[in-house]
Structure formats: structure tokens, C-alpha cells
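Here's the structure we're looking at; comments come further down.
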Amino acid sequence: MKCDPCDLLVAVACIALALLAATIVTAQDPAAGKRFRMVAEQIAARGVRNPDVLRAMRATPRHLFVPAASRGLAYEDYPLPLGYGATISQPYIVALMTEAVAPAGTHRILEIGTGSGYQAAVLAQLAARVYTIEIVPELAQSAAGTLRELGYTNVEVRQGDGARGWPEQAPFDGIVVTAAPLEVPDSLIAQLARGGRLVAPVGHLGNQDLVLIRKQADGRVERRSLGGVNFVPMRQK
Ligand code: SAH
């Protein structure tokens, strides 16, 4: 094969441009490198394939959702405590649940258990609108503040008991439950649109299953397990 000097020049110019772009991104956002590595090693490597989900995980500044004292650990492969008995889930689990609920551009998504607001921020980049409910007033308030400061204008945070859902805004195309009930509340299944998907950890602490529920076009409900997980229990009012 003949090597055209013109092609070589174009290739060198492309590499230089890519390096320049990477330098600019890293300079503006020093955590970007850690985030790219997190997505490659913890998420894509474990089988999350949806490119939109991977893009949203690369774009969301997880370190700004965790308490200042654990900022240096924000991109590690485990959950972190948020105080008030809450934890921000392991990055892989956030990606897995996001892929399972399959948010799309026109979708309205409900989240139960706002915590830090991180999962809501990831969903907000993939759906039209996110409604999220948190039972601890302090967490609801601080997550709403973080989301506002970071410019996520399509997320609405409400303080209250998520087991009842958000009937005024139902039906939802997707529901993501991030605190574990012993069984998925009927009110949440009722607020799922036909064709919608709900993902929830279900069961006792130490023995929970991540359950995916799909509501068919005819209203029938189909359920399957995505494997074992460990979430904080859903509080009962
Ligand atoms: N999705 C969060 C992590 C959630 S941890 C994030 O991305 O950071 C689980 C959260 O569910 C905790 O904040 C806990 O306070 C909340 N929670 C527990 N029971 C609840 C209930 N009945 N209604 C709403 N929120 C609840």
C-alpha cells in the first residue's frame, strides 16, 4: 500500500487536535479523566452497552454530588455514605439501572429516593423530565440545591414518602426505585405507563434482588430479576 504524505499529514493533524481537545476538557474539568476511566473499567467492562447511558455517566460530575470529605473517592467502584442513613450507589449500579429503565428523549421518569440527586442527574440527560421523591427533608433540600446549581432544569424534587408515587404527574414512562421495599408498591406499578419499565431493589437487607418490571401494551405486567444488590431499605410512613 502506498503511503500518501497528505494522508499522513491529516492523521497527524487529527491526533494533535484530539490531544488538544483532551487537554482543554481536562483543564476545564480535572475529574473528566477519572470519569472516563470509571466508565471504561467499571461500567462498559461489566456489560453496560447503551452509548447514551455511557455518555451520561461520563458527563455527570459525580464528585459534586458526594459530601466534600469523600470527594476524592467519588469515582471509586463502591457506594459512599451521604449521611441520614443514605448512600450514593456504586457507579456501575446507577448505570445498570439507567440502562434497564431505558429513558428516551420524550420520557417522563419518576425516581424514588433522591439521596444526593446523582441518579436523577444521569436520568435528566436522557429523558424529558425527571420527578424525584426523597423522604429525608435535609437530603431533598440539598439535592435540589445541587441540581439547581449544576443547571439540571428538568428535574423536580419533592420531599415525601415515595411509596405513594407522584399521582399528579402519572403515568411515567420509567420508574427507578433506589431504596429497597419488601415488595414493589402497587401504587408505583399503577403509575407506570403502558410500555413503561420500572426497576427496583426488592427484599430484606442482605438478600435483595434487582427487579425489572415491564408493563405491556395490554396492561399485563412482566417481571424478571437482574441479580443481587444491596440498597438501603425503603422507609415506611
Ligand atoms: N438515588 C440516590 C441514592 C439513594 S439512597 C443517589 O443517586 O444519590 C436511598 C434514598 O432513599 C435515601 O436518601 C433515603 O432517605 C431514601 N428513602 C428511603 N425510603 C424512602 C421513601 N419511602 N420515600 C422516599 N425516599 C426514601
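Indexing begins at 1, ligand by ligand and atom by atom, following the structure's order.
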Answer yes or no: is there an ion pair linking [X] with [Y], defined by an N-O contact shorter than 4.0 Å?
X	Y	value
Arg46	Glu41	no
Arg194	Asp218	no
Glu168	Arg108	no

With a cut-off of 4.0 Å, which atoms of ligand 1 are near a heavy atom of [X]?
X	answer
Val136	15 (O)
Ala86	12 (C), 13 (O)
Gly160	23 (N), 24 (C)
Ile133	24 (C), 25 (N)

Should one rank [options] by closest heavy-atom distance to [atom], which comes out on top?
atom	options	answer
atom 2 (C) of ligand 1	Thr114, Val122, Val177, Leu139	Thr114
atom 20 (C) of ligand 1	Thr178, Ile135, Ile88, Ile93	Ile135
atom 23 (N) of ligand 1	Gly162, Pro233, Pro201, Ala140	Gly162

Just heavy atoms, cut-off under 4.0 Å: does [X] contact ligand 1 by side chain, backbone, both, or neither?
X	value
Val232	side chain
Thr87	backbone
Glu111	side chain

I need the nearest protein heavy-atom contact for [atom]: residue, atom name and distance, please.
atom	answer
atom 15 (O) of ligand 1	Glu134 OE2, 2.6 Å
atom 19 (N) of ligand 1	Arg235 N, 2.8 Å
atom 7 (O) of ligand 1	Gln119 N, 3.0 Å
atom 11 (O) of ligand 1	Gly113 CA, 3.2 Å

Roughly how far, to the nearest 0.5 Å, is OH of Tyr131 from CD of Gln169?
->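 Result: 4.0 Å between the selected atoms.
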Looking at [Y], is its backbone amide N or carbonyl O close enough to the side chain of [X] to form a donor-acceptor pair, meaning the two atoms are under 3.5 Å apart?
X	Y	value
Asp209	Ser225	no
Lys34	Tyr75	no
Glu134	Thr114	yes
Gln208	Pro201	no
Arg197	Val101	no

Minimum heavy-atom distance between Asp173 and Ala193, given as atom pair plus value |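 For Asp173 versus Ala193, the nearest heavy atoms are OD1-CB, 4.3 Å.
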With respect to [X], determine whether any N or O atom, backbone or side chain, lies less than 3.5 Å from an N or O atom of ligand 1.
X	answer
Ala163	no
Ser116	yes
Asp161	yes

Whether Pro181 lies under 4.0 Å from ligand 1, heavy atom |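 No; Pro181 lies far enough from ligand 1 that no heavy-atom distance drops under 4.0 Å.
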Determine, stepwise, if the pair Thr98 / Gln119 fulfils side chain to side chain donor-acceptor pair (under 3.5 Å).
-> CA-CA 8 Å; Thr98 306; Gln119 170 79 76; 2.9 Å; yes
